[in-house]
Amino acid sequence: RLLLEHEADPDAIGFNGNTGHCTPIVIAAWEGGVEKMRLLLDAGADVSGDQGLAALSTAANHASIDRFDLLLEYGARATPWMLVRAGLTDRVIERVDDDPGLLTQRDEDGYSLLQAAALRMNRDAGEGLPAAGRAIVQALIEAGAEVEVFTAAAMNDVTRLRALLQTEPALVQERLGDGKSPVNLAVLAGSNSALAVLLDAGADPNNDNALH
């Protein structure tokens, strides 16, 4: 507050490990909390540009809905994929109800909404994330999303995974836009039975950084 009262730039780029990377609003969205975020936003911190998007993404990735909604209150725009990352099932389905075409669209990393929800089931990403990811996956399937090899792997849906691989064995080598394979999603979600199916189908355990 004191720095801002003396006209410190609320959009100043950080230091040390954050040199040239993020502004105070991104740090605050990560660990500073709502009060500090509001101070920065009231001082004019940008929420409409890349740093605002980074702050929104940070709040979503940490399932900090109070921080996420505060950024929206000040004008940040959340894509459906951002809502998936935040674990906001009802809001995701509202968007899909308004635009069913979202079920087949991809984000800049090549993820469908269903695949983004499956990726959110990463057990190491934080408390509550796997359960929220699973809830969104189920809601999207009920809304008509087609389950493919990545989602089946994350969901540990062995029956569907075997059927997909029997029809098209090459699916075991599929990659998402960011390079992740079905093996990666099975490992992240802790889907051991699905992982066994993929390995038995010829997936290379040394090819996807899966052990790491």
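Note that the structure is a prediction, hence the values are computed from the model and not measured.
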Ignoring hydrogens, what is the shortest heavy-atom contact between Leu40 and Ala28? Give both atom names and the distance. CD1-CB, 4.0 Å
Could you pull out all residues at least two apart from Leu3 that satisfy side chain to side chain contact (heavy atoms under 4.5 Å, CB included)? Ala8
Are the side chains of Asp109 and Trp81 in contact, using a 4.5 Å heavy-atom criterion? no
Residue pairs passing the salt bridge (charged side-chain N to carboxylate O under 4.0 Å, His left out) test where at least one lies in residues 137-158, sequence neighbours excluded: Asp157-Arg160
Applying side chain to side chain donor-acceptor pair (under 3.5 Å), which residue pairs with at least one partner in residues 86-101 are found, sequence neighbours left out? Asp69-Arg91
Look up atom CD1 in Ile27 and atom CD in Gln51, then write down how far apart they are to the nearest 0.5 Å. 9.5 Å
Ala189 and Ala154: which non-hydrogen atoms are nearest, and at how many Å? CB-O, 3.4 Å
For Leu164 and Leu171, the nearest pair of non-hydrogen atoms, with its separation, is O-CD1, 3.6 Å
Separation between OG (Ser191) and CG (Leu198), nearest 0.5 Å, reads 9.5 Å
Between CG of Asp107 and CZ of Arg85, what distance do you get to the nearest 0.5 Å? 8.5 Å
Surrounding CZ of Arg77 (heavy atoms of other residues, nucleotides or ligands, distance under 6.0 Å), is the total greater than 12? no
Provide the closest heavy-atom pair for Asp11 versus Ala45 in the form atom of the first, atom of the second, distance. OD1-CA, 3.5 Å
Closest non-hydrogen contact found for Ser193 with Val158 is CB-CG2, 3.6 Å
Pair Arg67, Leu71 - check side chain to side chain contact (heavy atoms under 4.5 Å, CB included), show working. CA-CA 6 Å; Arg67 303 175 194 182; Leu71 290 162; 5.5 Å; no
Are Pro10 and Thr23 packed together at the side-chain level, in the sense that at least one heavy-atom pair is separated by less than 4.5 angstrom? no
For residues Lys180 and Leu188, determine if any side-chain heavy atom of one lies less than 4.5 Å from a side-chain heavy atom of the other. yes
Test Leu88 against Met82 for side chain to side chain contact (heavy atoms under 4.5 Å, CB included), laying out the working first. CA-CA 9 Å; Leu88 297 169; Met82 197 75 75; over 6 Å; no
Contact list for residues 35-44, test side chain to side chain donor-acceptor pair (under 3.5 Å), sequence neighbours left out: Arg38-Glu73, Arg38-Tyr74, Asp42-Tyr74
Could you check whether any side-chain heavy atom of Arg134 comes within less than 4.5 Å of a side-chain heavy atom of Arg120, counting everything from C-beta outward? no
Residues forming a side chain to side chain contact (heavy atoms under 4.5 Å, CB included) with Leu103, sequence neighbours excluded: Val96, Leu140, Ala145
Compare every heavy atom of Asp204 with every heavy atom of Asn206, then report the nearest pair and how far apart it is. N-OD1, 2.9 Å
Would you please name every residue forming a side chain to side chain donor-acceptor pair (under 3.5 Å) with Asp46, sequence neighbours left out? Ser48
Checking side chain to side chain contact (heavy atoms under 4.5 Å, CB included) for the pair Leu72/Leu56: CA distance, chi angles, key distance, verdict? CA-CA 8 Å; Leu72 296 182; Leu56 197 64; 4.1 Å; yes
So, using side chain to side chain contact (heavy atoms under 4.5 Å, CB included) as the criterion, who are the partners of Thr58 when residues are at least two apart? Val26, Ala29, Trp30, His62
State which residues pass salt bridge (charged side-chain N to carboxylate O under 4.0 Å, His left out) with Asp200; sequence neighbours excluded, sorted by chain then number. none
Check whether any side-chain heavy atom of Arg1 sits under 4.5 Å from a side-chain heavy atom of Leu4, and report yes or no. no
Enter the distance from Leu185:CG to Gln115:CD here, rounded to the nearest 0.5 Å. 8.0 Å
Check whether any side-chain N or O of Thr167 sits under 3.5 Å from a backbone N or O of Ala163 as a donor-acceptor pair, and report yes or no. yes
To the nearest 0.5 Å, tell me how far Asp50 CG sits from Cys22 SG. 12.5 Å
Under the rule for side chain to side chain contact (heavy atoms under 4.5 Å, CB included), what residues qualify as partners of Thr104, not counting sequence neighbours? none
Student check: side-chain heavy atoms of Tyr111 and Asp178 closer than 4.5 Å: yes
Could you tell me whether the side chain of Ser181 reaches within less than 4.5 Å of the side chain of Gln173, counting heavy atoms only? no
Test item: Val92 and Pro80 side chains (from C-beta on) under 4.5 Å apart, heavy atoms: no
To the nearest 0.5 Å, how far apart are CD1 in Ile141 and CD1 in Ile136? 12.0 Å
